[in-house]
Amino acid sequence: MTQHKLQKPIKSAVIVSKVFRRPLSGAILELAHLLKELGVETYIEQTTSVGFNLPQLPCVSRRQIKDLDLIIVLGGDGSVLGAARTLVDLQVPMLGVNRGHLGLLTDVSPATLRSSLEKVVQGRYVKEERMILDMRVFREDEDGAGELVGQSLATNETVIHSGMMAHMMVFKVSINGSYMYTLRGDGIIINTPTGSTAYSLSAGGPIIEPHLDVLALVPMFPQSLNCSPIIIPGKSEVRIDFVYEGDNPEWVNINCDGQVSLRADTKCAVLIRPHRIALTLIHPEGYDYYSLLRQKLGWGQPLV
């Protein structure tokens with residue numbers, strides 16, 4: 001993470017938002033007006049423009065975004081997760097403006113919008129890289145040839161489970177080609193440091209500082225109590241195979257960031273590794289990760 005250093009001033013930006021919350025139309029216009037006041041050439045992403053019916057703002061396609069200085073995501077953390085998966089390869093920094101609930105990724109609040117944007121436009125911001133997962137599902141034939149069944153990126157985590165409540169499966173876990181263990185449980189979570197404060201945290205996983213180059217594997221309701229969460233190097237390739245009895249494979253659900261779902265079966269294998277391009281997030285000057293955790297997760301607050 002780079003701190004106390006003047007960054008590149010922002011001359012152009014595009015606004016992106018999830019197209020399902022109509023009340024955000026006014027917030028998008030307000031944000032665009034404020035950016036123009038600050039001298040920023042402002043656009044709206046094409047899908048966002050059509051979804052919110054905002055023809056008065058100049059729009060750009062996703063391919064054209066690569067020539068801009070900044071992507072501003074307006075919404076909640078889920079909006080940032082979706083934008084990250086689809087826009088990370090453009091290698092344009094991303095700033096989250098919170099109009100959702102928790103706001104661990106969208107740390108610019110409406111109350112401080114003007115002052116935060118003034119800092120960012122002037123180059124007074126912190127730049128931070130976040131790992132993205134590349135998840136692929138393969139089915140191998142008897143000769144060992146692999147067929148790609150599906151793939152997705154994930155900013156927070158990949159969750160592998162049966163899709164049925166309290167249904168135990170058997171997962172064979174390998175790291176970089178070396179067998180690690182066989183897990184009997186409802187599922188397994190493979191998460192980035194960004195995802196350590198999301199679903200993984202609810203399942204008993206550790207909070208991981210975002211700048212650490214590691215992955216976490218968190219079992220979901222394991223049958224054995226000695227199967228604990230584990231931290232592994234971030235450059236690792238995780239492979240999940242499935243153990244099943246008889247000739248009839250079971251269904252397997254693979255979910256990325258709670259937004260992308262793939263259906264496979266226990267004849268498949270899941271491979272997870274870091275994506276070749278990291279997500280670049282920026283935060284206004286004064287960003288403090290520990291302060292954010294205290295505010296959003298209630299650290300140190302009395303229980304009664």
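All figures in this text were calculated on a predicted structure; none of them were measured in a lab.
Residues Arg62 and Glu45 are paired through a salt bridge, judged by an N-O separation under 4.0 Å between the basic side chain and the carboxylate. Under a 4.0 Å N-O distance rule, the pair Arg139/Asp265 qualifies as a salt bridge. Arg130 has a carboxylate O that lies under 4.0 Å from a charged side-chain N of Glu128, or vice versa, which qualifies the two as a salt bridge.
The environment of OH in Tyr199 is sparse: at most 12 heavy-atom neighbours from other residues, nucleotides or ligands sit within 6.0 Å. Atom CD of Glu245 sits in a sparse spot, with 12 or fewer heavy atoms from other residues, nucleotides or ligands closer than 6.0 Å. By the neighbour-count criterion of 12 heavy atoms within 6.0 Å, atom CZ of Phe221 is sparsely surrounded, having that number or fewer from other residues, nucleotides or ligands. The 12-atom threshold is exceeded at NZ of Lys296, counting heavy atoms of other residues, nucleotides or ligands nearer than 6.0 Å. Within 6.0 Å of atom CZ in Arg184, 12 or fewer heavy atoms from other residues, nucleotides or ligands are found, so the atom counts as exposed in its surroundings.
In terms of hydrophobic clustering, with Ile, Leu, Val, Met, Phe, Trp and Tyr side chains grouped at heavy-atom distances under 4.5 Å, Val40 and Met94 are assigned to different clusters. Clustering ILVMFWY residues whenever any of their side-chain heavy atoms sit less than 4.5 angstrom apart, transitively, puts Leu54 in the very cluster that holds Leu34. The hydrophobic clustering, which links ILVMFWY residues whose side-chain heavy atoms are closer than 4.5 Å, places Leu153 and Val92 together.
No hydrogens or angles considered: a donor-acceptor pair under 3.5 Å links the side chains of His167 and Glu250. If you check the side chains of Ser261 and Asn255, you find a donor sitting under 3.5 Å from an acceptor. For the 3.5 Å distance criterion, the side chains of Gln64 and Ser61 qualify, holding a donor opposite an acceptor.
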request  = Show the numbers, then the answer: is there a side-chain contact (heavy atoms from CB on, under 4.5 Å) between Leu293 and Ile207?
outcome  = CA-CA 10 Å; Leu293 290 180; Ile207 292 178; 4.3 Å; yes
query = Does the pair Glu30 and Lys36 meet the rule for a salt bridge (Lys or Arg N to Asp or Glu O under 4.0 Å), with working shown?
reply = CA-CA 10 Å; Glu30 177 189 350; Lys36 290 174 184 176; over 6 Å; no
request  = Run the numbers on Arg239 and Val173 for side-chain contact (heavy atoms from CB on, under 4.5 Å), then give the verdict.
outcome  = CA-CA 6 Å; Arg239 175 172 174 137; Val173 184; over 6 Å; no
request  = With side-chain contact (heavy atoms from CB on, under 4.5 Å) as the test, would you mind laying out the steps for Ile208 and Ile231 before giving the verdict?
outcome  = CA-CA 9 Å; Ile208 306 170; Ile231 304 292; 3.6 Å; yes
task = Kindly determine whether Ile189 and Leu217 satisfy side-chain contact (heavy atoms from CB on, under 4.5 Å), including the steps that lead there.
result = CA-CA 6 Å; Ile189 303 168; Leu217 274 64; over 6 Å; no
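Counting heavy atoms from C-beta on, the side chains of Tyr43 and Leu57 never come closer than 4.5 Å. Proximity of Glu157 to Leu133: side-chain heavy atoms (C-beta onward) are nowhere separated by under 4.5 Å. Considering only heavy atoms from C-beta on, Asn98 stays 4.5 Å or farther from Asp77 through its side chain. Side-chain contact between Glu41 and Leu35: absent, with no pair of heavy atoms (C-beta onward) separated by less than 4.5 Å. Considering only heavy atoms from C-beta on, Val170 stays 4.5 Å or farther from Phe242 through its side chain. Considering only heavy atoms from C-beta on, Val88 comes within 4.5 Å of His275 through its side chain. The shortest distance between side-chain heavy atoms of Ile190 and Val270 does not fall below 4.5 Å. When side chains are defined from C-beta on, Ser116 does not count as touching Tyr287, because their heavy atoms never get closer than 4.5 Å.
Of the candidates Val73, Ile72, Thr106, Ile72 is the only one forming a side-chain contact (heavy atoms from CB on, under 4.5 Å) with Val97. The only member of Leu117, Thr112, Asp107, Val126 that meets side-chain contact (heavy atoms from CB on, under 4.5 Å) when paired with Pro284 is Asp107.
Of all non-hydrogen atoms in Thr155 and Asp257, the two that sit nearest each other are N-OD2, 2.8 Å.
The line from CG of Leu113 to CG of Leu31 is 6.0 Å long, rounded to the nearest 0.5 Å.
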